[in-house]
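Each residue takes its place number in the sequence, starting with 1.
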Amino acid sequence: MKTRLTTLDLKAVLRDIQPQIMGLRVANIYDVDAKTYLLKLVKGPQRAVLLIESGIRLHTTDYDWPKNHNPSGFAMKCRKHLRTRRVTGINQLGVDRIVDIALGSGVACYHLIVELYDKGNVVLTDHEYTILSLLRPRTDDADVRFAVAERYPLELAKARTPLTLERVRETLAAAAASDAGKEEGKEGKGRPDFLRKAILPLVECGAAALEHSLLQAGIAGDTRVADFDADKDGPRLLAALIAAEDILASSDGKGYIIQKSQKKKTLGPGGEQVEEELKTFDDCVPVVLAQHAGLPTLEYATFNAAVDAFFSQLEQQRLELGHFQAEQAAMKRLDNVRLDHERRLVALKTTQDVDYRRALAIETNQELVDNAMAVIRSAIASSMPWPDIEQMVATAKARDDPVAKHIVKLNFMGNSISMLLRDSLAEEEAADEIDDATDEESDEEGVAIRAEPTKKSSEDPPKGGAAAVVGQGGKKDQGKGKGPAADAAGAAGAGAAATEAARRGPRAPKRAPAGPASAA
């Protein structure tokens, strides 16, 4: 986003405001803040307000600006010397971003010098350019001081230097030598310079106009100095530089504001996310440049009007951009919360399915569970040590005991038994899959074939080991204090809790209902 006028912008603004304010008299001078001043100019029915912001801009304005009730010392000094003075000249000093506004004539002429570079300055001088007042006293070197009673150094303003092919080649040779030094590490670290960066000091129009001219000449903006043949393409580059300096000659006198478009997510009436387009000011130019092709553009009658609209609404644009960024951050947080809720719902659904299968497995294998619990209860009632009970179960497994071979783990501290049980629901699903496959085959071959699935005995553990069993509904932890019916009810209750949590949606609990069903 543009923050201050370039040399090209200043030339275009002066072209627009010179006929507008020449001959008008200063009615009053106001200060908006420490750096911004308004000159109210009148002549009969003609009215104009010249806005000066030190280091930033200079243009006439149609907007109503707030004014300080207590004028600053500089504003009072300007009122003393400039009120009722007629504007007799407004010119740029050399090719610098310095404007000399002459008010009055002869020995009664005063000059208001506006600097639009670096930190900027506004200087009031007499007809001999002796400083009467200024915003920011400073010392550039031992011989040049900007202070009251010192002479303003007009001779320091940069003058235009003719563009020649020799200057272009010398600049490119120096840039190539600098690149070689960077690559060898002799002059510090850094990437080789781009061509447009190396030749920018040769022109005064600014980087944007230079990039436009290079594109018009068919020279890519990312061309590096080392890749450019100065002997072969030097004349073409020189022509592009001259065209950049004279770019205002092709201007139609209008001004343009280049906009930047961004996508903005907002909530619609139904709570859904809706994308909107947010357009903000990005640049103001007197000519639509090649790099701006295809971007949204606002057209104004003069470039001065475009500059006035751009900078006057810049603060509002910054506020809108700040709100936009805050809304984007809020929408991102909302998306993260929504994704987190969806993950929680998936976890709750998984828990519900697992608990339902556990309850069903316990009910289906109730006799087997009762026998296992009876054996372990009997051993504990006889005061048998825990290691001996585990050894007893291991010995029974080795004898292929129909009850012991279903016991996976004894958790004495947790008062539960982990068992591998037949999952009837998984068997039904497998049977349905076989039926579906059989139906498809019969449709293709024209013969009705139906295969009966092999049913597992309630006394046989599922094949494929513990990992396979877990995938089908898994280990069933049975409490030793209550019966299998109570364990099944507990598992079903956990599944119902998961269902209720899923129904609540965004108010889902922070932790999903936990693990295996057990009875104390």
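Proximity of F74 to D31: side-chain heavy atoms (C-beta onward) are nowhere separated by under 4.5 Å. Counting only heavy atoms from C-beta outward, the side chains of L58 and I17 approach each other to under 4.5 Å. When side chains are defined from C-beta on, L103 counts as touching V87, because their heavy atoms get closer than 4.5 Å. Counting heavy atoms from C-beta on, the side chains of V99 and I113 never come closer than 4.5 Å. Side-chain contact between L132 and Y110 is present, with at least one heavy-atom pair separated by less than 4.5 Å. Residues R86 and L24 are not in side-chain contact: their nearest non-hydrogen atoms beyond the backbone lie 4.5 Å or more apart. Counting only heavy atoms from C-beta outward, the side chains of I199 and L241 approach each other to under 4.5 Å. Counting heavy atoms from C-beta outward, V122 and L112 have side chains that approach closer than 4.5 Å.
Annotation for K35: atom NZ counts as buried by contact number, over 12 foreign heavy atoms lying within 6.0 Å. The number of heavy atoms from other shown groups lying within 6.0 Å of CG (N70) does not exceed 12. Atom NZ of K67 is surrounded by more than 12 heavy atoms from other residues, nucleotides or ligands within 6.0 Å. Shown here is D62, whose CG atom has no more than 12 heavy atoms of other residues, nucleotides or ligands within 6.0 Å.
No side-chain donor-acceptor contact under 3.5 Å links N91 and D100. One side chain, T6 or D9, offers a donor N or O that lies under 3.5 Å from an acceptor on the other.
Nearest heavy atom pair, residue V42 against residue R47, reads CG1-CD, 3.2 Å. Closest approach of A306 to I257, counting heavy atoms only: O-CD1, 3.6 Å. In terms of heavy-atom proximity, L163 sits nearest to L202 at CD2-O, 3.5 Å. In this structure, C205 and L210 approach most closely via the heavy-atom pair SG-N, 4.2 Å. Listed here is the closest heavy atom pair of D96 and L10: O-CD2, 4.3 Å. When all heavy atoms of L134 and F146 are compared, the pair lying nearest together is CD1-O, 3.5 Å.
No donor-acceptor distance shorter than 3.5 angstrom exists from the side chain of N28 to the backbone of K40, with no hydrogens or angles considered. K2 places a side-chain N or O within donor-acceptor distance of the main-chain N or O of C284, the cut-off being under 3.5 Å. Although no hydrogens or angles enter the test, the distance criterion places no donor-acceptor pair under 3.5 Å between the side chain of D118 and the main chain of G120. One N or O on the side chain of R4 and one on the backbone of G55 form a donor-acceptor pair closer than 3.5 Å. Panel note: side chain R167, backbone P162; a donor-acceptor pair is recorded below 3.5 Å. Side-chain N or O atoms of T88 include one that pairs as donor or acceptor with a backbone N or O of G104 at under 3.5 Å. With hydrogens and angles ignored, the 3.5 Å screen pairs no side-chain donor or acceptor of T36 with any backbone N or O of V32. T350 places a side-chain N or O within donor-acceptor distance of the main-chain N or O of V346, the cut-off being under 3.5 Å. Checking side-chain atoms of E53 against main-chain N and O of Y37 turns up no donor-acceptor pair under 3.5 Å. Listed for the R57 side chain is no donor-acceptor partner under 3.5 Å among the backbone atoms of I52.
Here the straight-line distance linking atom NE2 of H292 with atom OH of Y256 works out to 13.0 Å at 0.5 Å rounding. Atom CG in L124 sits 8.0 Å away from atom NZ in K77 (nearest 0.5 Å). Note: S54 OG to L116 CG = 8.0 Å, rounded to the nearest 0.5 Å. Atom CD of E115 sits about 10.0 Å away from atom CG of L135, to the nearest 0.5 Å. In this structure, the separation between CG on D282 and OG on S261 is 11.5 Å, given to the nearest 0.5 Å. Here the straight-line distance linking atom CD of Q92 with atom CD1 of I98 works out to 9.0 Å at 0.5 Å rounding.
Remark: E170 engages no residue in a side-chain hydrogen bond (donor to acceptor under 3.5 Å, both in side chains) (not counting sequence neighbours). R79 meets the salt bridge (Lys or Arg N to Asp or Glu O under 4.0 Å) test with no other residue; sequence neighbours excluded. Checked against salt bridge (Lys or Arg N to Asp or Glu O under 4.0 Å), R343 has the following partners two or more places apart in sequence or in another chain: D340. Legend: residues meeting side-chain hydrogen bond (donor to acceptor under 3.5 Å, both in side chains) with D308, ordered by chain and number and at least two apart, are T61, S312. For R97, there are no salt bridge (Lys or Arg N to Asp or Glu O under 4.0 Å) partners, not counting sequence neighbours.
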Verdict with reasoning, D231 to R169, per side chain to side chain contact (heavy atoms under 4.5 Å, CB included) = CA-CA 8 Å; D231 295 330; R169 287 174 175 169; 4.1 Å; yes
Give the C-alpha distance, both sets of side-chain angles, the deciding distance and a yes or no for side chain to side chain contact (heavy atoms under 4.5 Å, CB included) between V123 and N121.
-> CA-CA 6 Å; V123 183; N121 210 348; 4.1 Å; yes
R160 vs E245, salt bridge (charged side-chain N to carboxylate O under 4.0 Å, His left out): CA-CA, chis, key distance, verdict = CA-CA 10 Å; R160 181 185 292 274; E245 290 287 14; 3.7 Å; yes
Between R338 and D335, is a salt bridge (charged side-chain N to carboxylate O under 4.0 Å, His left out) present by the stated rule, with each step listed?
-> CA-CA 5 Å; R338 184 177 288 107; D335 289 340; 3.2 Å; yes
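Ring geometry for Y129 versus H111: interplanar angle under 30°, hence parallel rather than tilted (30 to 60°). Classified by interplanar angle (parallel below 30°, tilted 30° to 60°, perpendicular above 60°), the ring pair F281/F310 is parallel.
Across I258, I247, L215, a single residue satisfies side-chain contact (heavy atoms from CB on, under 4.5 Å) together with L289, and that is I247. Results of the side-chain contact (heavy atoms from CB on, under 4.5 Å) test with L237 over L214, L165, D229, T223 single out L214 as the only residue that passes.
Judged as a side-chain hydrogen bond (donor to acceptor under 3.5 Å, both in side chains), not a single pair has a partner in residues 203-221 (not counting sequence neighbours).
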